[in-house]
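Report on the following structure.
As a basis for the values below, the full set of heavy atoms in this structure was taken, side chains included, without hydrogen atoms, waters or symmetry mates. Count residues from 1 along the sequence. Model, not experiment: these values are computed from the prediction.
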Amino acid sequence: MNLPIGISDFEELVEGDFLFADKSLLIEDIIKDSAKVILITRPRRFGKTLNLSMLYYFLRKNHSHTENLFKGLKISENKTFCTKHQQQYPVIFITFKSVQEASYANAYDKIKVLMSELYEDHSYLLDENLLSTSQKTQFMAVLDQKANLANTSVALKQLSVYMKKKFKKRPIILIDEYDTPIQEAHLRENYQGEVGYYQDMIDLMRSILGEALKDNKTLGKAIVTGITRIAQESLFSGVNNLEVYSLLREDYGQYFGFLEEEVSKLLAESRQKISIASIKEWYNGYQVGKYVLYNPWSIISCLKNNGELKPYWVNTSSNDLIFELLNRAKPAVKQQFEELLQGNVIEQPIAENLIFSDIKTSAEALWSLLLYAGYLKVLSKELRDYALIAKLAIPNKEVGFVYNRIVSKWFSDAIDIDSYNKFVQSLADGDTNKFKSYLSAYIMQTGSYFDFNKKASEQIFHVFVLGLVVGLRDQYYIHSNQESGLGRFDVIFIPKNKQAHGILLEFKTSDTVELLLNKAQEALNQIKDKRYMEAFKQHNINSVLAIGLAFFGKQMELVHENLVIV
């Protein structure tokens, strides 16, 4: 049994007799698509590179030994299509997924290396009197990594010109992970304190893509993949007949990620005893139209590790950008984030085109990035007042681990783990004196994240406390801002152990220090008057620790009462 961890070359996959899901019908759909330029966006490690590699081996001319790679696959059943299209096209294939450098100079050098390797693959073009003297000079400059910026920018286009001349047929261009260099430049410029090169990289990639895809008369068809469609910077501005297939479109949904029947088949073929229900809880949840998908990297990794359920995909690369964006997010975003952590669904506007410069200031851009990068799933969407509104949720347990780490990071700089464990245990034990003492100290220590001023809203303290109590999720189901009785409670803790007591927190803010105790009592009275305790009855919880909390800047007060549910 061979499981293809990290293998993205289709020939290596097949000849190595690895287990894989047959996605070969993608080839037919791509060829039949009337769009001249196709952009498909999917999260990282969802099979983008492998699928482009499959297209490359199927379509490219002069490589007859690869014909047997598709023997027995679904595409081979359509003999008419295979006769017409298999090995009938000149094909250019380049991937930018490795361009993750610390500076523009290093990134530019890496791209020159990629262009050189590409030209090496097609060095047969030098064997005949096909190219003019100037074209050969330009070809050799790229091949020897001595090309200037202008020649590097047109290298893809020029290669298509040479291949059209050679094969008398317009080539197909496959561009993989086009946005990786741009995302890396943005991350380093804004979050890692290094010398920024975002605009330089935008300009370079705009030139490369524009030359290859816009008004290129020698282009037959282009398929481009990435995580996002980058807008504003106009990378695809003026590209004729462009179709974008994101997670918001059903087209090609079945080809990136594993369908449930494919997962079941892999489980059977690998003879793993792990249940499909467990696999679903951890790695399922991505939805593209009618297709519900499993994370392919995690599935293969789980099978490779004898069915051990743990985070795999989220540990394959840095989550720094996601960490930083959510750390810097406004309280309203953090409150929505807490809703997601509790397993709830939120509604947010989603942008089909991502503007990186807006990510730090626009909630729409932030939620869009989280969706396209695979950290959220879309359950449904609709146009509402000229905006695309999507219902969003956390896809699965694996992604939930990332979010739990993010919440912990909110407090890790100011709170040591021993102190934190004692804090959450004091609440679970009902020791309100210790709870108050720890909470007061944390408010003083974490002001840099949560701007606790005298005009701070109740919402800020709500999100702050929700983040702090994340450590109780193993013992309690934690819910926030839901209807119960005659109103909406702030936070409740439903114990997983039915013999334990429930907990209910209600928040108020005060206009003065002198009124803090009165406001805390008002919060406690609201719990009883609004009959919030009804939320516990359906769970057969008999006793509840009710706590009213009041805040004024960095000062707080609380009152509590142990209530018996009749």
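Using modelled atom types, one side-chain atom of Arg170 and one backbone atom of Lys217 make a donor-acceptor pair closer than 3.5 Å. Of the possible donor and acceptor atoms, one in the side chain of Asn305 sits under 3.5 Å from a partner among the backbone N and O of Ser301. One N or O on the side chain of Tyr119 and one on the backbone of Ala155 form a donor-acceptor pair closer than 3.5 Å. At distances below 3.5 Å, not a single donor-acceptor pair connects side-chain atoms of Asn344 with backbone N or O atoms of Leu340. Panel note: side chain Asn295, backbone Gly285; no donor-acceptor pair is recorded below 3.5 Å. Between the Glu281 side chain and the Ile279 main chain, no donor and acceptor come within less than 3.5 Å of each other. Under the 3.5 Å distance criterion, the side-chain polar atoms of Asn68 are left unmatched by any main-chain donor or acceptor of Lys71. Using a distance-only test at 3.5 Å, with no hydrogens or angles considered, a donor-acceptor pair links the side chain of Glu250 to the main chain of Lys290. Looking at Asp9, its side chain never comes within 3.5 Å of a backbone N or O of Ser53 through a donor-acceptor pair.
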### Task
Assess whether side-chain contact (heavy atoms from CB on, under 4.5 Å) is satisfied between Val91 and Leu55, documenting all intermediate values.
CA-CA 9 Å; Val91 181; Leu55 282 165; over 6 Å; no
### Task
Using the side-chain contact (heavy atoms from CB on, under 4.5 Å) rule, take Trp282 and Asn396 through it: C-alpha gap first, then chi angles, then the decisive distance, then the call.
CA-CA 5 Å; Trp282 272 83; Asn396 51 48; 5.8 Å; no
### Working for side-chain contact (heavy atoms from CB on, under 4.5 Å), residues Thr228 and Thr41
CA-CA 6 Å; Thr228 59; Thr41 62; 5.5 Å; no
### Message
Phe58 vs Phe70, test: ring-ring contact (aromatic ring centres under 6.0 Å, His included). Steps then yes/no.
### Response
CA-CA 8 Å; Phe58 184 90; Phe70 297 89; 5.1 Å; yes
#### Entry: Derivation and outcome, side-chain hydrogen bond (donor to acceptor under 3.5 Å, both in side chains), residues Lys97 and Ser8
CA-CA 12 Å; Lys97 68 179 181 179; Ser8 56; 3.2 Å; yes
### Query
Do Gln87 and Lys61 pass the side-chain contact (heavy atoms from CB on, under 4.5 Å) test, and can you show the C-alpha distance, the side-chain angles, and the key distance before you say yes or no?
CA-CA 4 Å; Gln87 299 175 358; Lys61 277 179 170 288; 5.8 Å; no
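At least one cation-pi condition fails for Lys280 and Tyr294: the charged atom is not both under 6.0 angstrom from the six-membered ring centre and inside a 45 degree cone around its axis. Taking the ring axis of Trp313 as reference, the NZ or CZ atom of Arg44 stays within 45° of it and closer than 6.0 Å to the ring centre.
Heavy-atom minimum distance, Leu131 versus Lys136: O-CE, 3.6 Å. What you find for Lys110 and Val99 is that their closest heavy atoms are CG-CG2, 4.0 Å. Residues Glu308 and Cys302 share a closest heavy-atom pair of O-SG, 3.5 Å. In terms of heavy-atom proximity, Leu156 sits nearest to Ile175 at CD1-CD1, 4.1 Å. For the pair Pro395 and Gly374, the tightest heavy-atom approach, listed with the atom from each and the gap, is CG-O, 3.9 Å. In terms of heavy atoms, Glu101 sits closest to Ser98 at OE2-O, 3.7 Å.
A salt bridge links Arg206 with Asp203: the distance from a Lys NZ or Arg NE/NH1/NH2 to an Asp or Glu carboxylate oxygen falls below 4.0 Å.
Among residues two or more places apart in sequence or in another chain, the ring-ring contact (aromatic ring centres under 6.0 Å, His included) test is passed with Trp367 by none.
Under a cut-off of 6.0 angstrom, the local environment of NZ in Lys391 is sparse, with at most 12 non-hydrogen atoms contributed by other residues, nucleotides or ligands. By the neighbour-count criterion of 12 heavy atoms within 6.0 Å, atom NZ of Lys381 is sparsely surrounded, having that number or fewer from other residues, nucleotides or ligands. For Tyr477, the OH atom sits in a loose shell: 12 or fewer heavy atoms of surrounding residues, nucleotides or ligands are nearer than 6.0 Å.
With ring centers used as reference points, Phe10 lies 6.0 Å or more from Tyr56. Here Tyr286 and Phe46 bring their ring centres to under 6.0 angstrom of each other.
Using a 3.5 Å distance cut-off with no hydrogens or angles, the side chains of Tyr162 and Thr218 do not pair a donor with an acceptor. Neither side chain, Asp144 nor Ser116, offers a donor N or O lying under 3.5 Å from an acceptor on the other. Side chain to side chain, Glu28 and Asn78 meet the donor-acceptor criterion of an N or O pair below 3.5 Å. Side-chain atoms of Glu398 and Ser298 form a donor-acceptor pair, as typed in the model, at a separation below 3.5 Å. Side-chain polar atoms of Glu364 and Gln348 form no donor-acceptor pair below 3.5 angstrom. Donor-acceptor pairing under 3.5 Å is lacking for the side chains of Thr83 and Thr80.
The side-chain heavy atoms of Lys48 and Ile40, taken from C-beta on, include no pair separated by under 4.5 Å. The shortest side-chain heavy-atom distance between Met115 and Gln145 does not fall under the 4.5 Å cut-off. Two residues are said to be in side-chain contact when any heavy atoms from C-beta on lie closer than 4.5 Å; Lys146 and Lys112 fail this criterion. Looking at heavy atoms from C-beta onward, Leu303 lies in side-chain contact with Leu267 at the 4.5 angstrom threshold.
The aromatic rings of Phe167 and Tyr124 lie perpendicular to each other, with more than 60° between the two planes, well past the 30° mark. Ring geometry for His85 versus Phe81: interplanar angle of 30 to 60°, hence tilted. Relative ring orientation between Phe236 and Tyr178 is described as perpendicular, the plane-to-plane angle rising above 60° on a 0-90° scale split at 30° and 60°.
Within the model, atoms CG of Leu219 and CE of Met163 stand 12.0 Å from one another, a figure rounded to the nearest 0.5 Å. For the atom pair Ser380 OG and Gln287 CD, the distance stands at 8.5 Å (nearest 0.5 Å). In this structure, NE2 in His186 is found 9.5 Å from CD1 in Ile202, a value given to the nearest 0.5 Å. Atom CG in Leu114 sits 11.0 Å away from atom OG1 in Thr152 (nearest 0.5 Å). Rounding to the nearest 0.5 angstrom, the gap separating the CG atom in Leu52 from the OH atom in Tyr57 is 12.5 Å. Within the model, atoms OG1 of Thr180 and CE of Met205 stand 9.0 Å from one another, a figure rounded to the nearest 0.5 Å.
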Which donor-acceptor pairs under 3.5 Å do side chains of residues 20-27 form with protein atoms, sequence neighbours excluded?
{"unit_1": "Asp22", "atom_1": "OD1", "unit_2": "Ser24", "atom_2": "N", "d": "3.0"}
{"unit_1": "Asp22", "atom_1": "OD1", "unit_2": "Ser24", "atom_2": "OG", "d": "2.7"}
{"unit_1": "Asp22", "atom_1": "OD2", "unit_2": "Lys74", "atom_2": "N", "d": "2.8"}
{"unit_1": "Lys23", "atom_1": "NZ", "unit_2": "Gln254", "atom_2": "O", "d": "2.6"}
{"unit_1": "Lys23", "atom_1": "NZ", "unit_2": "Gly257", "atom_2": "O", "d": "2.7"}
{"unit_1": "Lys23", "atom_1": "NZ", "unit_2": "Glu262", "atom_2": "OE1", "d": "2.8"}
{"unit_1": "Lys23", "atom_1": "NZ", "unit_2": "Glu262", "atom_2": "OE2", "d": "3.2"}
{"unit_1": "Ser24", "atom_1": "OG", "unit_2": "Lys74", "atom_2": "N", "d": "3.4"}
{"unit_1": "Ser24", "atom_1": "OG", "unit_2": "Ile75", "atom_2": "N", "d": "3.1"}

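Applying the salt bridge (Lys or Arg N to Asp or Glu O under 4.0 Å) test between Glu243 and each of Arg229, Lys36, Lys221, Arg249 identifies Arg249 as the sole match.
Identified under the ring pair (Phe, Tyr, Trp, His ring centres under 6.0 Å) test for residues 244-275, with sequence neighbours left out: Tyr245-Tyr252.
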